[in-house]
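As structure tokens, the structure follows; a few thoughts come after it.
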4 protein chains.
Amino acid sequence: MPKRGVAPKRRHQLLEAAFDCIAQKGYGNFSLKEVADKATLSKGIIHYYFKNKGELLIMVLDRLTNSLDNLVNEKANQARTPPGRIRAIFDGSFEAASEREPFFQVLLDFCSQATKNKEIKDITAGLYARYRRLTQKILEDGIQHGVFKELDVQGVSTAIVGMVIGISFQYMLDEEAFSLPKVQKICEELILSYLSADSA
Amino acid sequence: MPKRGVAPKRRHQLLEAAFDCIAQKGYGNFSLKEVADKATLSKGIIHYYFKNKGELLIMVLDRLTNSLDNLVNEKANQARTPPGRIRAIFDGSFEAASEREPFFQVLLDFCSQATKNKEIKDITAGLYARYRRLTQKILEDGIQHGVFKELDVQGVSTAIVGMVIGISFQYMLDEEAFSLPKVQKICEELILSYLSADSA
Amino acid sequence: MPKRGVAPKRRHQLLEAAFDCIAQKGYGNFSLKEVADKATLSKGIIHYYFKNKGELLIMVLDRLTNSLDNLVNEKANQARTPPGRIRAIFDGSFEAASEREPFFQVLLDFCSQATKNKEIKDITAGLYARYRRLTQKILEDGIQHGVFKELDVQGVSTAIVGMVIGISFQYMLDEEAFSLPKVQKICEELILSYLSADSA
Amino acid sequence: MPKRGVAPKRRHQLLEAAFDCIAQKGYGNFSLKEVADKATLSKGIIHYYFKNKGELLIMVLDRLTNSLDNLVNEKANQARTPPGRIRAIFDGSFEAASEREPFFQVLLDFCSQATKNKEIKDITAGLYARYRRLTQKILEDGIQHGVFKELDVQGVSTAIVGMVIGISFQYMLDEEAFSLPKVQKICEELILSYLSADSA
DNA sequence: CATGAATGAGATTTCATTCAT
DNA sequence: GATGAATGAAATCTCATTCAT
């Protein structure tokens, strides 16, 4: 039954299964047996591919942050004008928040471990640092091209990313409380009016 | 050793200890033994005051949300003008995020359980619903008094609360990444300029 | 609130409560807290009246066996002829088995402890020894008066008491399996025909 | 140390150990640690083979009722004439009651749980229902062949099974109180004389 | 590569018992 | 007499990890 070179496939299988388990049971509440069952593999094999549960978790987080990075970057790169790219940031983020894949939930689970686990803190903090940097770049670009007014790019990018996180967060806690698309539109309006304000 | 009438004190002791444990170890990673040790009480007594770990946790969350409600409400009530009260929202929230008491961290831990535990979901969703409602009231008040322009109060309050959450969140992940007061100022500017825009 | 001389009342209260607890939860599965709650007294008081759980249980058993002794003896004494008294034995026993008070169930719970607890063994064995002795007396009386044939009174009394126990037992396990009165009649017929058989 | 394919052996080992523990300590008073020790296995392995203590207990009861079914059925099948088969019923049952294996004691422990546990009630009630049915079949057979008189087969089988249970029960409580073989002979006489009585 | 088996540490929970008041 | 409080032992159960095969 065992084929040669199945290692990458098995790793994938296990990481997917682990992701699903975290989504269903929570970061601190799933067992390796459940992962194995979900991957239709034996429990023992997990320790062949991963040193221990912690390493498996880190790998899951790595894949997750990569996915999110790609998702937002792609969206932002497709847009051409600075305002369009700001809109793309909201677009991509809220897509991840509303999608069937519980990306945001699982990411949140990891983030809540950040204060207790240096490795997780570094990875999650890095994700949002890149997020801010991307936004910052767009802002700087817009300013340079005269589309946006002069402003504190660092502060504003933090605010923009904050909006994205905080709204996804509220949406996760109660999907019925508000309409995500409507709020997205308001965010775009709010931010773009501020950016373009010929401040005077 | 047992004294009569110490029940409320003990409850308090245990809830404080549990809060500290969650802050240090995380929601899913602290043991009742640790709580007992921190409270310098015996393990058994926890189940004398609380039916089980779950009930203890809910009580901790209850106290936490009450504290946060009070904190923000007080700040908001002290301010007199609508713009001042909006600023107070940011003020109170970021105070909670930056304080020595890891309010935000622990709250986040609970929120990450929301998708797995109905009771927690209801309580945390309720907290943020009240948060939005407070903001909404301030907006409506400002509009009525002609200080703010007409706008979608629900959407804007969601955006404001989102900012607060998302910035606290980023701050928790990396305190060095930005200056909280500076970002706060930008948020206030961003929001207030939008609100007061004599769009007309 | 505490009155003088309430001791007997309290004892009674606790023994009744304990009996009910055993009936509901089983011999090995009820807690003293439950007894205290059912008696609407505090947990601590139990150890004022009884040395420990074991002693409480023995007292419950004592009351139970006394009740059963009385029940059967009274019935048997009311009857006048030997056949009538044999019938009375069945009557009283099956009454105890079918009554709302779960006498038999609780007694069985104690009996199942007999092989592990000398004191319980002695008390329960004593109950059935008296039962057999009563039956034996009736048989001897009947023989002496020429109503019954000569027979092994010890063996037959054991068989009669056995019937009573075994039928109550089956009835407890499944009340729908047979009609207790009908079976009682057959038992009486079976036994009395054997006893009176002018075997020649 | 772990070998492949030892599962059935381990299951057996654990069930035997559990049976012994119940026999020694009682249904509600033995711990899984004791079972593990008796089986010279680790505590954890019990939960590898059985979901929980309850499931282990049910499996023990299953094996026990199967053993008893077989014991009595074999005896009854070996005999050829209806009276012989009735005698076989007594024979097999009292053998189980007097044997070194504490079959009856353990069964009684389970039966005393019947009123508190539906699954146990069903299994134990089922055992005695089969017991009665077997006896009934023998009676019907005897009647058909003219060896036994016409009678209420349901009631009489209940009485016979009752005798068997009740005498085993008394014997368990006090082995010295009477001679089991002697009582057995009387039972056979009592029953067979009733059955064959050419009452007409 | 992969599995089934096994372990043992540790977590939650229950509870009889004790004791100050 | 009576209570509320407290303890600590023990029980059940979960689980990451290890290892022979």
More than 12 non-hydrogen atoms from neighbouring residues, nucleotides or ligands closer than 6.0 Å to NZ on Lys33(A), yes or no? no
Regarding Lys38(B) and Gln24(B), do their side chains bring together a donor and an acceptor under 3.5 Å, going by distance alone? yes
How close or far is atom C1' of dT18(F) from atom CD1 of Ile46(A), stated in whole angstroms? 13 Å
Using atom P of each nucleotide, how far apart are dC1(E) and dT21(F) to the nearest Å? 22 Å
Does anything in residues 27-34 of chain C come within less than 4.0 Å of DNA chain F? Heavy atoms only, and list the residues if so. none
Go through dT7(E), dG4(E), dC1(E) for me and flag the one nearest to the Ile45(D) side chain. dT7(E)
Any residue in residues 48-58 of chain D with a heavy atom nearer than 4.0 angstrom to DNA chain E? Just list them by number, or reply none. Tyr48(D), Tyr49(D)
Do Leu108(C) and Leu108(D) come close enough that some side-chain heavy atom pair is under 4.5 Å? yes
Identify which one of Tyr27(C), Phe19(C), Tyr128(C) satisfies the ring pair (Phe, Tyr, Trp, His ring centres under 6.0 Å) criterion when paired with Phe110(C). Tyr27(C)
Only one of Leu64(C), Leu56(C), Asp62(C), Asp20(C) forms a side-chain contact (heavy atoms from CB on, under 4.5 Å) with Leu15(C), so which one is it? Leu56(C)
Does Glu119(D) have more than 12 heavy atoms from other residues, nucleotides or ligands lying within 6.0 Å of its CD? no
Do Lys43(B) side-chain and dT13(E) base share a donor-acceptor contact under 3.5 Å? yes
Requiring both pairing distances under 3.5 angstrom, list the stems that contain DNA chain F and are made of three or more consecutive Watson-Crick or G-U pairs. E:2-21 with F:2-21
Find the distance between CD (Gln105(A)) and CD1 (Ile22(A)) and round it off to the nearest 0.5 Å. 11.5 Å
Phosphate OP1/OP2 of dT13(E) contacted by His47(B) side-chain N/O (<4.0 Å): yes
Between dC13(F) (P) and Leu14(D) (CG): distance, integer Å: 14 Å
For Ala39(C), does its backbone N or O pair with a side-chain atom of Gln13(C) as donor and acceptor, under 3.5 Å? yes
Does this structure show an ion pair linking Asp109(C) with Lys25(C), if we count only N-O contacts that are shorter than 4.0 Å? no
If every non-hydrogen atom of Ala114(D) is compared with every non-hydrogen atom of Leu173(C), which pair is closest and at what distance? CB-CD2, 3.4 Å
Map Gly44(A) and Gly5(B) onto DNA chain F by nearest heavy atom, then report which one ends up closer to the 5' terminus. Gly5(B)
Atom CG in Leu61(D), atom CD in Gln113(D): separation rounded to 0.5 Å? 10.5 Å
Side-chain N,O (Arg10(A)) to OP1/OP2 (dA2(E)) below 4.0 Å: yes
